[in-house]
Amino acid sequence: MIETPSLVDQYCHGVLRTELGLGTFEAHLAGGEGRPAAGTTFFDTQTGFAVRRWCPPLLGLEPHCPPARYLARRRELGVLESGRRLLRGSGITTYLVDTGLPGDLTGPGEMASAGGADAHEIVRLELLAEQVADTSGTVDSFLANLAESVHAAAADAVAFTSVAGVRHGLALAPEPPGPGEVRGAAARWLTGRRVGGTLSDPVLLRHLLWIAVASGRPLQLHAGLGEGDLRIDRTDPVLLTDFARATAGLGTDLVLLHGYPYHRHAAHLSGVFPHVYADLGAALVRTGARASAVLSEILELAPFGKLLFSSGAHGLPELHVVGARLFREALARVLGTWVAEGAWSLADAQRVAGLIAAENARRVYGLE
C-alpha cells in the first residue's frame with residue numbers, strides 16, 4: 001500500500017463564504033469554462049462524478065448520492081461546517097493559496113483554521129500591478145512603486161504566480177524588455193486605463209515576470225486549460241521554452257501550473273531544465289476516473305523530484321477533496337502496479353510518493 005500522509009497543496013484558492021444554489025455550485029464545478037447546455041449538467045463530468053464519489057461521506061451521506069440531496073445536506077450543515085468537514089477530510093496538511101481572484105473567498109488564515117492545516121500566500125503579479133496602477137499618478141511613480149511592491153511582497157509570500165498566458169498567451173519574447181520599452185508601454189496602459197482595469201500588455205507582462213525572477217521567489221506560470229474564452233493553443237507550456245532557457249541559472253524556480261492537456265510538454269520541460277517543475281493539479285482533477293492513465297503519461301517523462309501535487313481548487317472545498325483523493329488513488333494505482341510487476345521496490349515507490357505529495361513542494365517553496 002502506497003501511503004501519502006502529508007499533502008502540500010502547492011496551488012489553490014480560498015473557498016466561498018456564502019451558501020450556494022445549484023447554478024452557482026455548478027458554475028464553480030466547471031472551473032469557469034462556460035455554462036452547461038440546456039438540459040445538461042456539469043455534474044455529468046469527470047469532476048462532477050468525483051465530487052459525488054468522495055464528498056458525500058464527509059457530510060454523512062452515501063457515496064454517489066444525487067446532487068440535489070448532497071446540496072440539501074450542505075445547506076443543512078451550513079457553509080462553515082460543511083467547509084470545515086470537507087477541508088479536514090481532504091488530508092491536505094499545507095495550503096499555498098493564490099489570493100489574486102475576485103469574490104468572497106477565504107484567505108490563507110481562514111483556510112488554515114478551517115482545514116486544521118498550515119497555509120501560506122501566493123501573490124498574483126497582475127493583480128499587484130493593477131493595484132499599484134490604481135494608486136500611482138505618473139509613469140515614474142508606477143514603475144518605482146511596482147518594483148517596490150514586488151520586493152515587499154517577496155518578504156512574506158512563498159511564491160509569485162502569473163496569468164500572462166491567460167491574458168496574452170505564453171508566446172512572449174523571452175528576454176526582459178528595455179527601460180524605454182517599459183516606459184512606453186506603461187504610459188500607453190495608464191493613459192487609456194480606468195481604475196480596476198486589467199493588465200494584458202505583453203511588454204508589461206514580461207517586465208513583471210522579470211521583476212519576479214529577480215526576487216528569487218518561485219514563479220508559477222499558468223498553462224493549459226483555464227478561462228472559457230481562452231485560446232488554448234496559446235497556453236501550451238512548450239511556448240515557455242525560450243523563457244526557461246533565459247532564466248536558467250538565475251536562482252529562481254519556475255513551476256508550470258495546470259498544463260493539461262499539454263501535460264507531457266510540461267513534464268518534458270521539467271526534465272530539460274533544472275529549475276522547471278510541473279504541477280499535477282488540473283491534469284488529475286479534470287480526468288477523474290482516468291487520472292491514473294494521465295499520471296502515467298506524466299511519469300514517463302518527468303523526473304520524480306520535479307513533480308508537485310496541487311488541487312488547483314477554487315471556490316468549492318469539494319475541489320480540494322477531489323484533488324487530494326484523485327491524486328492519492330492515481331498515485332497508489334500507478335506505483336502499486338509497478339511494484340506488483342517487479343519494476344519497482346515498495347520502498348522506492350513509497351519514497352517517490354512522498355516526494356511528489358509534499359517533499360518536492362517543501363524544498364521548492366522553503367517550507368519547514
Side-chain angles (χ1 to χ4, degrees), residues 10-13 28 30-34 45-47 98 100-102 122-127 129-130 159-175 198-210 212-213 218-247 252-273 275-287 291 294-295 297-298 301-302 306-314 319 323:
Q10 70 99 30
Y11 183 80
C12 67
H13 302 277
H28 283 86
E33 293 191 15
T45 59
Q46 288 284 5
T47 304
D98 175 0
L101 285 182
I122 300 167
V123 170
R124 184 171 290 212
L125 288 169
E126 290 78 12
L127 176 63
E130 289 154 10
F160 291 106
T161 191
S162 170
V163 289
V166 177
R167 297 287 180 85
H168 180 269
L170 294 176
L172 293 164
E175 69 278 356
T198 58
L199 173 61
S200 60
D201 181 272
V203 173
L204 294 181
L205 291 172
R206 287 165 55 209
H207 181 58
L208 264 180
L209 293 179
W210 280 98
V213 167
L219 174 59
Q220 302 174 336
L221 299 161
H222 289 244
L225 291 176
E227 302 298 323
D229 58 354
L230 180 68
R231 275 279 303 273
I232 189 173
D233 58 313
R234 295 175 180 171
T235 63
D236 186 337
V238 78
L239 297 172
L240 288 166
T241 302
D242 290 339
F243 182 70
R245 185 174 290 113
T247 54
T252 295
D253 290 326
L254 308 180
V255 181
L256 306 180
L257 292 179
H258 311 323
Y260 188 79
Y262 304 112
H263 48 288
R264 277 179 160 150
H265 292 176
H268 165 71
L269 289 176
S270 75
V272 171
F273 296 101
H275 66 306
V276 175
Y277 291 77
D279 167 57
L280 297 176
L284 304 187
V285 171
R286 290 178 180 272
T287 52
V294 174
L295 179 60
E297 293 175 348
I298 296 171
L301 294 169
K306 305 297 286 300
L307 296 174
L308 305 168
F309 159 74
S310 81
S311 68
H314 166 221
L319 297 179

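Here, residue 1 is the first one in the sequence, and each next residue gets the next number. Note: hydrogens, waters and symmetry copies are ignored here, and every other heavy atom, side chains too, is used.
If you take CZ on F243 and CG on L221, they are separated by 6.0 Å, rounding to the nearest 0.5 Å. A distance of 15.0 Å separates CZ in R234 from CZ in R167, rounded to the nearest 0.5 Å. Distance CG/D279 to NZ/K306: 14.0 Å, rounded to 0.5 Å. Here CG of L269 is found 4.5 Å from OG1 of T241. Values are rounded to the nearest 0.5 Å. Taking NE2 of H13 as the start and CG of L101 as the end, the distance is 4.5 Å to the nearest 0.5 Å. Here the straight-line distance linking atom CG of L254 with atom OG of S270 works out to 11.5 Å at 0.5 Å rounding.
Nearest heavy-atom pair across H222 and S162 is CD2-O, 3.0 Å. Counting all heavy atoms, side chain and backbone alike, L319 lies closest to S311 at O-CB, 3.9 Å. Taking all atoms of both residues into account, the shortest heavy-atom contact from A164 to L172 is CB-CD1, 4.0 Å. Scanning both residues, L307 and A302, for their nearest heavy atoms gives CD2-CB, 3.5 Å. Here the closest non-hydrogen pair linking A244 and V276 is CB-CG2, 4.0 Å. Contact detail for P237 and L256: the closest heavy-atom pair is CB-CD1, 4.1 Å.
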Check against side-chain contact (heavy atoms from CB on, under 4.5 Å), I232 and Y262
CA-CA 10 Å; I232 189 173; Y262 304 112; 3.8 Å; yes
List the steps and the verdict of side-chain contact (heavy atoms from CB on, under 4.5 Å) for D242 and E175.
CA-CA 9 Å; D242 290 339; E175 69 278 356; over 6 Å; no
Might you work through the side-chain contact (heavy atoms from CB on, under 4.5 Å) test for H258 and R286, ending with a clear yes or no?
CA-CA 10 Å; H258 311 323; R286 290 178 180 272; over 6 Å; no
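Without hydrogens or angle criteria, R264 side chain to L301 main chain gives no donor-acceptor distance under 3.5 Å. The backbone N or O of L199 sits less than 3.5 Å from a side-chain atom of E130, completing a donor-acceptor pair. Proximity of a side-chain donor or acceptor of T235 to a complementary backbone N or O of G224 within less than 3.5 Å is detected. Judged purely by atom type and a 3.5 angstrom limit, Q46 has no side-chain atom pairing as donor or acceptor with the backbone of A291. A donor-acceptor pair is defined here as one N or O able to donate and one able to accept, closer than 3.5 Å; such a pair exists between the side chain of R206 and the backbone of A173. With hydrogens and angles ignored, the 3.5 Å screen pairs a side-chain donor or acceptor of T47 with a backbone N or O of V285.
No side-chain N or O of T161 forms a donor-acceptor pair with one of D98 less than 3.5 Å apart.
Evaluated for a side chain to side chain donor-acceptor pair (under 3.5 Å) with H275, the options T252, D253, T247 yield exactly one hit, T247.
Side-chain contact check for L219 versus L125: some heavy-atom pair is nearer than 4.5 Å. In this structure, the side chains of I122 and Y11 come closer than 4.5 Å at one or more pairs of heavy atoms.
Using cut-offs of 30° and 60° for the angle between ring planes, the H263 and Y260 rings count as parallel.
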